[in-house]
K.L.:
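One structure, pasted below without further comment.
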Amino acid sequence: MGAFSAVDVIRAKRDGHVLSDAQIDWVVDAYTRGQVADEQMAALAMAILLNGMGAPEIARWTAAMIASGERLDLSAVTRPTVDKHSTGGVGDKITLPLTPLVAACGAAVPQLSGRGLGHTGGTLDKLESIPGWRAGLSNAEFVAQLADIGAVICAAGDQLAPADRKLYALRDVTGTVEAIPLIASSIMSKKIAEGTGALVLDVKVGPGAFMKSVEDARELARTMVELGGAHGVRTVALLTDMSTPLGLTVGNAVEVAESVEVLAGGGPADVVELTLALAREMLDAAGLPDADPAAALRDGRAMDTWRAMIRAQGGDPDAPLPVAREVEVVRAHTDGYVAAIDAYAVGVAAWRLGAGRARKEDPVDFGAGVVLHKRPGDPVRAGEPLYELRSGRADLIPAGAAEAASAITISAEAPTPAPLVIDRIA
Ligand code: URA
């Protein structure tokens with residue numbers, strides 16, 4: 001690989017030029033190996049945020065990030081493989097019921113997940129509230145469990161797109177997370193390197209999500225769908241609403257409990273609706289369009305797969321989940337209808353109560369979070385419980401309460417229901 005000057009590459013993007021394939025390959029590789037300094041990559045990331053990248057540049061950048069590490073070989077898995085990725089939301093526990101559900105319908109779901117940072121939770125943090133469950137598997141364990149049970153949710157190894165690991169941490173502290181080319185290449189490099197044959201993206205839109213507008217979400221979705229196609233991964237995206245938290249729970253153990261309710265055939269209507277919508281897309285993308293995920297929820301097959309998946313990773317699906325010592329119930333001041341529940345405010349409240357972390361190395365409180373008693377559209381009487389704040393520490397309750405205080409709007413009229421699935425990009 002020919003050497004370039006990092007300053008020349010930065011200047012080229014700063015001045016609005018298209019980076020060449022050779023420049024992209026070099027800068028991603030040299031940064032991963034520590035030969036391009038953090039401050040240089042930070043300047044380049046800012047130039048990309050301000051001036052954008054064309055589709056061929058994004059494709060090459062993604063390929064260079066994949067090439068920075070290993071690509072998993074799932075050829076030992078005989079079922080069709082399909083994964084799902086959400087761009088992150090509040091109360092977004094969908095991966096938990098969805099992974100065993102799709103596996104119960106005949107596909108294999110290789111779900112490499114992350115931990116939460118800030119107001120959105122992480123799937124691994126939620127599952128770690130199950131006693132005994134472990135997130136770290138070797139590649140051999142990962143493939144064996146996928147071949148055997150068809151469902152794995154675990155931590156991505158260090159060798160999967162290491163360029164992204166380094167770059168994401170840098171973007172986090174340099175105000176460059178929001179660049180669509182960088183978000184798309186970050187997500188897709190990890191999913192393509194994981195070896196899945198097909199992928200369904202849940203691109204969240206609204207105040208509780210990265211993408212606040214439908215236009216931006218559509219652009220991100222289109223970019224990722226194209227990237228998937230270019231790398232031989234059949235990719236479909238749903239744009240889904242993230243103005244309201246999903247379901248009634250935001251936290252770790254409380255979200256696991258709600259997911260188990262869905263697997264038992266119950267659970268909040270919006271969680272069930274989105275789980276089934278994504279399951280149908282995944283099964284279709286995996287070449288299993290006749291599978292019936294609603295039947296697999298009803299007849300217990302999805303629950304059986306969940307239990308097998310949790311046990312295979314050392315967890316006890318029957319063990320009681322952690323509960324918070326401190327619970328404060330917040331009640332309505334007036335009669336009316338719940339008009340809106342601000343996902344961002346509820347996400348921040350759960351975080352302040354201890355459910356999330358401020359720094360990567362912080363521990364999370366598994367029992368902490370927010371439990372809603374009402375959903376938008378529900379009638380409410382003064383004095384009725386609206387939500388509960390839960391924490392292991394009494395001193396964190398006031399900070400959570402302050403964030404949540406303005407989250408729920410009550411109006412005299414019932415609101416018009418908003419659709420959960422806004423668009424589909426294929
Ligand atoms: N999630 C990722 O994995 N990468 C991003 O850049 C944003 C969200």
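We count ligands from 1, going down the list as the structure has it; atoms in each ligand are counted the same way.
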K.L.:
Would you tell me whether E258 and T249 have side-chain atoms, one donor and one acceptor, within less than 3.5 Å of each other?
P.N.:
yes

K.L.:
Tell me: protein heavy atom nearest atom 1 (N) of ligand 1, and distance?
P.N.:
I187 CG1, 3.8 Å

K.L.:
For atom 5 (C) of ligand 1, find the nearest protein heavy atom and state the residue, atom name and distance (0.1 Å precision).
P.N.:
Y168 CE1, 3.2 Å

K.L.:
Please report the closest heavy-atom contact between V77 and A147, naming both atoms and the distance.
P.N.:
CG2-N, 4.2 Å

K.L.:
Against ligand 1, does V177 come closer than 4.0 Å with any heavy atom?
P.N.:
no

K.L.:
Specify the protein heavy atom at minimum distance from atom 4 (N) of ligand 1: its residue, its atom name, and the distance to 0.1 Å.
P.N.:
S186 OG, 2.6 Å

K.L.:
Consider only side-chain N and O atoms of S189 and D164, and report whether a donor and an acceptor are under 3.5 Å apart.
P.N.:
no

K.L.:
Can you tell me if T87 contacts ligand 1 (heavy atom of the residue under 4.0 Å from the ligand)?
P.N.:
no

K.L.:
Would you say ligand 1 has an N or O under 3.5 Å from any N or O of K190?
P.N.:
yes

K.L.:
Would you please test R222 and E219 for salt bridge (Lys or Arg N to Asp or Glu O under 4.0 Å) and show each step?
P.N.:
CA-CA 5 Å; R222 273 200 209 103; E219 188 188 335; over 6 Å; no

K.L.:
Which heavy atom of the protein is the closest neighbour of atom 8 (C) of ligand 1, given with residue, atom name and distance?
P.N.:
F210 CE1, 3.4 Å

K.L.:
State whether E57 and K13 are salt-bridged, where the test is any N-O pair (Lys NZ or Arg NE/NH1/NH2 against Asp/Glu carboxylate O) under 4.0 Å.
P.N.:
yes

K.L.:
If you round to the nearest 0.5 Å, how far is OG of S391 from CD of E326?
P.N.:
7.5 Å

